[in-house]
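All residue numbers in this chain count up from 1 along the given sequence.
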Amino acid sequence: MTSDSTFLADCRARLAFDLLANTWNSVVLWALRDGPHRPGDLRARIGGISQKVLTETLRRLEFNGLVSRRAYGGSPPRVEYELTGLGRTLLAPIDAFGAWAFEHGDEVMAAQERWTEGHP
């Protein structure tokens with residue numbers, strides 16, 4: 001990273017933060033860590049995600065080269081998604097972020113509660 005343009009709109013650091021800023025991106029990537037899944041399987045694994053949001057997320061991740069889509073012929077047609085090599089490189093940062101949240105989540109929620117109590 002460079003010192004004076006680190007977070008400009010076109011810099012690589014901002015690109016990385018943008019990829020992880022969308023909650024569903026990280027959740028879907030994590031759900032695919034053990035291998036390919038069909039969209040219905042992903043929805044069941046994740047929970048709380050609509051078909052529309054899952055489809056949008058998978059398309060966004062595919063656009064960014066993080067997942068690949070494989071269509072199978074037959075009746076009915078079948079589609080599976082899996083992480084690409086590039087997508088796998090994000091598993092360690094996502095895991096680290098999750099570990100941080102597990103360790104400090106109570107502190108963050110306590111701060112939110114204190115803030116809410118102090119602001120009518």
Side-chain angles (χ1 to χ4, degrees):
M1 294 193 316
T2 62
S3 61
D4 55 22
S5 63
T6 304
F7 294 105
L8 293 178
D10 61 348
C11 80
R12 288 182 173 96
R14 185 151 171 198
L15 170 69
F17 289 124
D18 285 346
L19 286 173
L20 295 179
N22 181 295
T23 301
W24 293 116
N25 285 354
S26 296
V27 171
V28 171
L29 290 170
W30 193 253
L32 287 169
R33 73 189 179 283
D34 296 326
H37 288 284
R38 296 174 69 178
D41 298 335
L42 281 173
R43 281 190 68 206
R45 285 188 78 153
I46 293 169
I49 187 170
S50 70
Q51 182 62 48
K52 179 183 180 222
V53 171
L54 178 60
T55 299
E56 290 169 351
T57 302
L58 288 166
R59 286 180 181 161
R60 183 172 47 252
L61 294 173
E62 187 179 11
F63 170 78
N64 285 292
L66 303 175
V67 301
S68 62
R69 179 184 186 271
R70 176 184 251 171
Y72 298 90
S75 182
R78 189 178 72 156
V79 175
E80 286 183 341
Y81 290 89
E82 67 180 317
L83 293 177
T84 62
L86 182 60
R88 289 205 162 280
T89 66
L90 279 174
L91 292 178
I94 292 168
D95 187 42
F97 227 34
W100 181 90
F102 184 78
E103 185 175 337
H104 299 286
D106 289 341
E107 296 169 68
V108 172
M109 289 188 291
Q112 291 172 352
E113 190 174 311
R114 284 191 305 275
W115 189 91
T116 301
E117 289 171 357
H119 291 83

Let's go through Q112 and T116 carefully: what are the C-alpha distance in whole Å and the side-chain angles of both, what is the deciding distance for side-chain hydrogen bond (donor to acceptor under 3.5 Å, both in side chains) to 0.1 Å, and is it a yes or a no? CA-CA 6 Å; Q112 291 172 352; T116 301; over 6 Å; no
Are V108 and L20 in one and the same hydrophobic cluster, where Ile, Leu, Val, Met, Phe, Trp and Tyr link if side-chain heavy atoms are under 4.5 Å apart? no
Going through the distances and angles, do T55 and Q51 end up as a side chain to side chain contact (heavy atoms under 4.5 Å, CB included)? CA-CA 6 Å; T55 299; Q51 182 62 48; 3.2 Å; yes
Would you say [X] and [Y] make side-chain contact, with heavy atoms under 4.5 Å?
| X | Y | value |
| --- | --- | --- |
| Y72 | V79 | no |
| P39 | L54 | yes |
| N25 | L90 | no |

In Å, rounded to the nearest 0.5 Å, how long is the span from CG of L32 to CG of L42? 5.0 Å
Interatomic distance, CZ@R69 vs CD@E82, rounded to 0.5 Å, equals 13.0 Å
Looking at every heavy atom in both D34 and R45, which two are closest together, and how far apart are they? OD2-NH2, 3.6 Å
Could you report the tightest heavy-atom contact between P36 and E80, atom names first, then the distance? CB-OE1, 3.8 Å
Any ring pair (Phe, Tyr, Trp, His ring centres under 6.0 Å) pairs touching residues 83-114, not counting sequence neighbours? W100-H104
Under the side chain to side chain contact (heavy atoms under 4.5 Å, CB included) criterion, do L83 and L61 qualify, and how do the steps go? CA-CA 9 Å; L83 293 177; L61 294 173; over 6 Å; no
One thing to verify: whether E56 and R60 come together as a salt bridge, which I'm taking to mean a side-chain N less than 4.0 angstrom from a carboxylate O. no
As a quick check of understanding, evaluate side chain to side chain contact (heavy atoms under 4.5 Å, CB included) for V27 and I49, giving each step before the final call. CA-CA 10 Å; V27 171; I49 187 170; over 6 Å; no
